[in-house]
Amino acid sequence: MTIPGSWYLTLAAVLFGIGGLGLLVRRNVLVMFMCVELMLNAVNLTFVTYARMLHDVGGQALVFFVLVVAAAEVVVGLGVIVGLFRRRPDATADDFHILKG
Amino acid sequence: MIGLAPSPIGLLAVAIPDLATFVVAAAVVLASAIGVVISRNPVHSALFLVATLFGVAVLFVEQQAEFLAAVQIIVYAGAIVVLFLFVIMLLGVDRPEKISKDPLPAQRPLAAFLGLAVVAEVLALANTHWSTGAKGTAGPPGGPASNVSDLARATFTTYLLPFEITSALLVIAVIGAVVLARPPRPGEHHAEDDEQAPTEGRSLGEQPGVVEPRQEASR
């Protein structure tokens, strides 16, 4: 008997909650980014678990797209962060209000 | 159907190696995720993130997603986290964040409360049905072929159009990153902002003398 799928889903839910909690609590932009990665990983784990529970490989294929979106998001987001820190080295997430037009 | 509704399966019904693998990987994932959040140094957060990604990869292997586990380690731990560490080292921001200058004092307790509420809500949903049992069109993950060929067949047949769109997304991201990270040329109109920004006060956007010329220039 393998591990029931609900265990994985509960673990993914807790991981998602930790990521969301860190995103809300932390003020460092890079750590907030890592918390977004935690949330994306929780969703990936959910996809893979459903692929096993429902016998459907489409869940595993969707993880690819999450990976691509995560990579694109990190590239562009880190570009914005580098641009901000180049102007002011002690920036936190609140300093991003200079982006408003 | 495996566990569509959480059935009262005891610990003894689960094979011991599977159970041990799950428990160890889950402990690593949760402890490292908490470490990402509570570490004061961003470098430590990045290293905890690597541990979390490895734990998730172990859980992928346990659920017959071997190729995704390899991709997880290569792409996430090998590329994305290295990119994080590269930016941390490049910018020299590997120091604790200053909490003294907190513009929203009520944000942290409120955020902690809301985050815990999200966790509680999602866990409360665990007592109901996890899924409807509806199937997709991509076919089962198991079978005589390997996981890689199943995944490749689904990706290049059923999900071919989304797969192609992701390539466009990656090209857009690369172009955006090049445009954002390119240092300003001396002749461009926002070069003077970069020079006088460090001498100014904390908030660049709230100074009308700085904002208005840029708005004029952008029109």
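Residue numbers start from 1 in every chain, and the chains themselves are labelled A, B, ... in the order their sequence lines are given, proteins ahead of strands. In what follows, every heavy atom counts, from backbone to side chain, and hydrogens, waters and symmetry copies are set aside. As the structure is a computational prediction, the values presented were derived from the model and not from experiment.
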I want to check something: taking the side chain as every heavy atom from C-beta on, are B/Y159 and A/F65 in contact at a cut-off of under 4.5 Å?
yes
Which residue is it: B/L53, B/V56, B/V36? I am looking for the one with a side chain to side chain contact (heavy atoms under 4.5 Å, CB included) to A/L38.
B/V36
Under a 4.5 Å heavy-atom cutoff, which of A/V75, A/V76, A/L78, A/V74 has the most pairs with chain B?
A/L78
Heavy-atom side-chain proximity of B/T52 to A/L15 below 4.5 angstrom
yes
Report which part of B/F67 has an atom under 4.5 Å of a heavy atom belonging to chain A: side chain, backbone, both, or neither.
side chain
Between A/R26 and B/V37 the two heavy atoms that sit nearest each other are NH1-O, 2.5 Å
Quick one: of B/I172, B/V75, B/I80, who has the most non-hydrogen atom pairs under 4.5 Å with chain A?
B/I80
Parallel, tilted or perpendicular for B/F22 and A/W7, by the 30°/60° rule?
tilted
Quick one: does A/F64's side chain get under 4.5 Å of B/T166's, heavy atoms only?
no
Might you work through the side-chain contact (heavy atoms from CB on, under 4.5 Å) test for A/L67 and B/Y76, ending with a clear yes or no?
CA-CA 8 Å; A/L67 271 172; B/Y76 259 119; 3.2 Å; yes
Measure B/L68 against the heavy atoms of chain A and call it side chain, backbone, both or neither at under 4.5 Å.
side chain
What part of B/L110 is in contact with chain A, defined as an atom under 4.5 angstrom from a non-hydrogen atom: side chain, backbone, both or neither?
neither
With a 4.5 angstrom heavy-atom cut-off, is it the side chain or the backbone of B/A152 that approaches chain A, or both, or neither?
neither
